[in-house]
Chemist: 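Mind having a look at this structure? Questions to follow.
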2 protein chains.
Amino acid sequence: MAATRPANPLALAVLVLLWERPMHPYEMSSTLRERRKEDSIKVNYGSLYSVVESLMKRGLIEATETVREGRRPERTVYAITETGGQVMVDWLVELLSTPKKEFTQFEAALSLAGALPPEQVIELLGQRLRNLRFQQKAAEAVFEEARSVGLPRLFMIETEFTVALQNAEIAFVEHLLHDLRDETLGGFGMWRRIHELRRDGVAPGEIEAKIAAEFPDELVFAQHDENH
Amino acid sequence: MAATRPANPLALAVLVLLWERPMHPYEMSSTLRERRKEDSIKVNYGSLYSVVESLMKRGLIEATETVREGRRPERTVYAITETGGQVMVDWLVELLSTPKKEFTQFEAALSLAGALPPEQVIELLGQRLRNLRFQQKAAEAVFEEARSVGLPRLFMIETEFTVALQNAEIAFVEHLLHDLRDETLGGFGMWRRIHELRRDGVAPGEIEAKIAAEFPDELVFAQHDENH
DNA sequence: AGTCGAATATTCGACATCGAGTATTCGCCG
DNA sequence: CGGCGAATACTCGATGTCGAATATTCGACT
């Protein structure tokens, strides 16, 4: 059978750390913290220990010794196995070369935003924009500081990436807000009307009928509705 | 106590659907499919049924009737409760107004890419770029088709959003690849040297020492290492 | 010598996730 | 009219997630 791997990217981080040198779990978490990898990989005690166990079961890492230093609790030191090294490489290859759809909460919220009235959505997106700009300022400051300390860019590409994505989000929200305020976005009138009717306590079925009558051109795509 | 909610955004989708009108779970999944929300919300049978149960336990939705149509298996129809309506609004408000850090696999991979030699990373990012461009073409075609069918833009904002993010990713990878090929990216020499030494079978501890000696200026930030 | 908080190091269990499996029925085609 | 594939509708359990709780030690300061 092919060597399987855990789903959690934290397991990849563990493999990479053990590829550098043997370590015990707590040291992994502090190393990741020191290198600021917490910002790009979700590290979490519970997950760390179960991910290590899961890597053990699959034979990708092995316990080499248990040390007792002073009277601290016992620490188990792990090392990567040969299979583990291969899995690490394969995993990195896949993640770097092959884009995979990932779902964000904001995307979900956008797709469900129709359940709030348009004016409120405009208001909320305005707030988001202010928050995003604030975060952006903060991120750039951190960035600048890291550079001034002499941290090579190589160690910050993942941060550059998230900054790039954030900028794209800012531009998107700005653009969307503009179109919403303009009321030029296709479907806007229908959206507002639905919420007016709901506010006035019109029943769901009746709303559907009214909307269909009032906005025939915006619903041409929905012919399948006639089946019911 | 404050009304809690499940963590899975699919639960929000369920609330929104039931806010529109009562439904049974399978109908939820097909409605989401029809509206192409699968692309922006991870829908998954297992999760759907457990999310519905979880919403029930919290009193955000309630079972109104169980219908048997023909000799199909029994279907339980659910409706949203008043509390559920409030939770839905609060949840949407939060997601729309407040950006929250989300971790992507690619970000994790970027931050761990140092475990592969630079030449390979360049090669892999080249592949990624080709894949991204291909996907982009496909997405734009879907988009164009939707518009030609008369689907109002309002129903596609979430798609516009992901397209914007994808474009940002393409630009980022292009830029990064350029800097890598140039070898202008700070830390590049060190990175290559580490992999040369590993390939030649030099021991981890020795590698660290050699690197520290050969690249003193790129490691000025790492003074904490002297503690060990 | 005492204590307080930060760091070290891990466990636990409630909860969530998800794909594969099961069972049924409808509709179409020959 | 019979059979087969697509659609309907849901269940199950192995696995994964994660924060809170636990327990200890170190160092700084009183």
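The sequence lines fix the lettering, A, B, ..., with proteins before strands; numbering per chain opens at 1. Everything numeric here is computed off the predicted structure, so don't read it as measured data.
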Chemist: Let me know, please, whether A:Y45 or A:R5 comes out on the 5' side of the other along DNA chain D by nearest nucleotide.
Modeler: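 So the residue in question is A:R5.
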Chemist: Checking all strands, does B:K57 fall into the base, sugar-phosphate, or nothing category for heavy-atom contacts under 4.0 angstrom?
Modeler: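 Answer is nothing: B:K57 stays at 4.0 Å or more from every strand.
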Chemist: Between atom CD in A:E27 and atom C1' in C:dA7, what is the gap in whole Å?
Modeler: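 That distance rounds to 14 Å.
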Chemist: Testing the basics here: between A:W191 and A:L116, what is the closest heavy-atom pair and its distance to 0.1 Å?
Modeler: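 Where A:W191 meets A:L116 most closely, the heavy atoms are NE1-O, 3.0 Å.
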Chemist: Between B:K42 (NZ) and C:dT17 (C1'), how many Å, whole number?
Modeler: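 My rounded result for the distance is 9 Å.
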Chemist: Can B:M56 and B:I61 be said to form a side-chain contact (heavy atoms from CB on, under 4.5 Å), step by step?
Modeler: CA-CA 5 Å; B:M56 273 277 279; B:I61 65 176; 4.0 Å; yes
Chemist: In whole Å, what is the span from the CD atom of B:E38 to the P atom of C:dG19?
Modeler: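 So the two atoms are 12 Å apart, to the nearest Å.
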Chemist: Whole angstrom is fine here: how far is it from CZ in B:F103 over to C1' in D:dT17?
Modeler: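 Nearest whole value for this atom pair: 14 Å.
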Chemist: Relative to the ring of A:Y26, is the ring of A:Y45 parallel (under 30°), tilted (30 to 60°) or perpendicular (over 60°)?
Modeler: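 Geometry flag for A:Y26 against A:Y45: parallel rings.
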Chemist: 5'-most contact on DNA chain C: B:S54 or B:G46, nearest heavy atom basis?
Modeler: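 Nearer the 5' end of the strand: B:S54.
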Chemist: Taking atom types as modelled and ignoring hydrogens, do the side chains of A:R33 and A:S29 form a donor-acceptor contact shorter than 3.5 angstrom?
Modeler: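 Side-chain D/A pair, A:R33 to A:S29: absent.
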Chemist: Can you check the A:M28 CE to C:dT8 P distance for me, whole Å?
Modeler: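 Whole-Å distance recorded here is 15 Å.
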Chemist: Under the salt bridge (Lys or Arg N to Asp or Glu O under 4.0 Å) rule, what pairs show up with a residue in residues 135-151 of chain A, not counting sequence neighbours?
Modeler: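 Counting only pairs at least two positions apart or across chains, the salt bridge (Lys or Arg N to Asp or Glu O under 4.0 Å) contacts touching residues 135-151 of chain A are A:E144-A:R147.
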Chemist: Between C:dG19, C:dT10, D:dT17, which nucleotide has the shortest distance from any of its atoms to the side chain of B:N44?
Modeler: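 The answer is C:dG19.
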Chemist: Do B:E102 side-chain atoms and A:Q105 backbone N/O form a donor-acceptor pair below 3.5 Å?
Modeler: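 Yes.
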Chemist: Less than 4.0 angstrom from a charged side-chain N to a carboxylate O is my criterion; do A:E160 and A:R153 meet it?
Modeler: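 A salt bridge is present here (some side-chain N lies under 4.0 Å from a carboxylate O).
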Chemist: Please tell me which of the listed nucleotides, D:dT17, C:dT10, D:dA9, lies nearest to the side chain of A:Y26?
Modeler: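 Of the candidates, C:dT10 comes closest.
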Chemist: So does A:R128 pair up with A:E169, basic N to acidic O under 4.0 Å?
Modeler: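 Salt bridge between A:R128 and A:E169, a charged N being under 4.0 Å from a carboxylate O: yes.
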Chemist: Heavy-atom contacts under 4.0 Å between residues 6-18 of chain B and DNA chain D, which residues?
Modeler: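 When residues 6-18 of chain B is checked for heavy atoms under 4.0 Å from DNA chain D, there are no hits whatsoever.
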Chemist: Just how far, in rounded Å, is P of C:dA9 from OH of A:Y49?
Modeler: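 Distance, rounded to whole Å: 8 Å.
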Chemist: Is it true that atom CZ of A:R36 has more than 12 heavy atoms of other residues, nucleotides or ligands lying nearer than 6.0 Å?
Modeler: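 No, the 6.0 Å shell around CZ holds no more than 12 heavy atoms from other groups.
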Chemist: Anything below 3.5 Å on both distances counts as a pair; with that, list the stems of at least three consecutive Watson-Crick or G-U pairs involving DNA chain D.
Modeler: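 Result, WC/G-U stems under 3.5 Å: C:1-30 with D:1-30.
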Chemist: Quick one: B:M23 CE to D:dA9 C1', roughly how many Å, whole number?
Modeler: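 The answer, rounded to whole Å, is 16 Å.
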Chemist: Closest nucleotide of DNA chain D for B:S47 versus for B:R33: which of these residues is on the 5' side?
Modeler: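 Between the two, 5'-proximity favours B:R33.
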Chemist: Looking only at the side chain of B:S50 (C-beta and beyond, no hydrogens), which of the listed nucleotides C:dA9, D:dA9, C:dT17 gets closest?
Modeler: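 Nearest nucleotide to the side chain: C:dT17.
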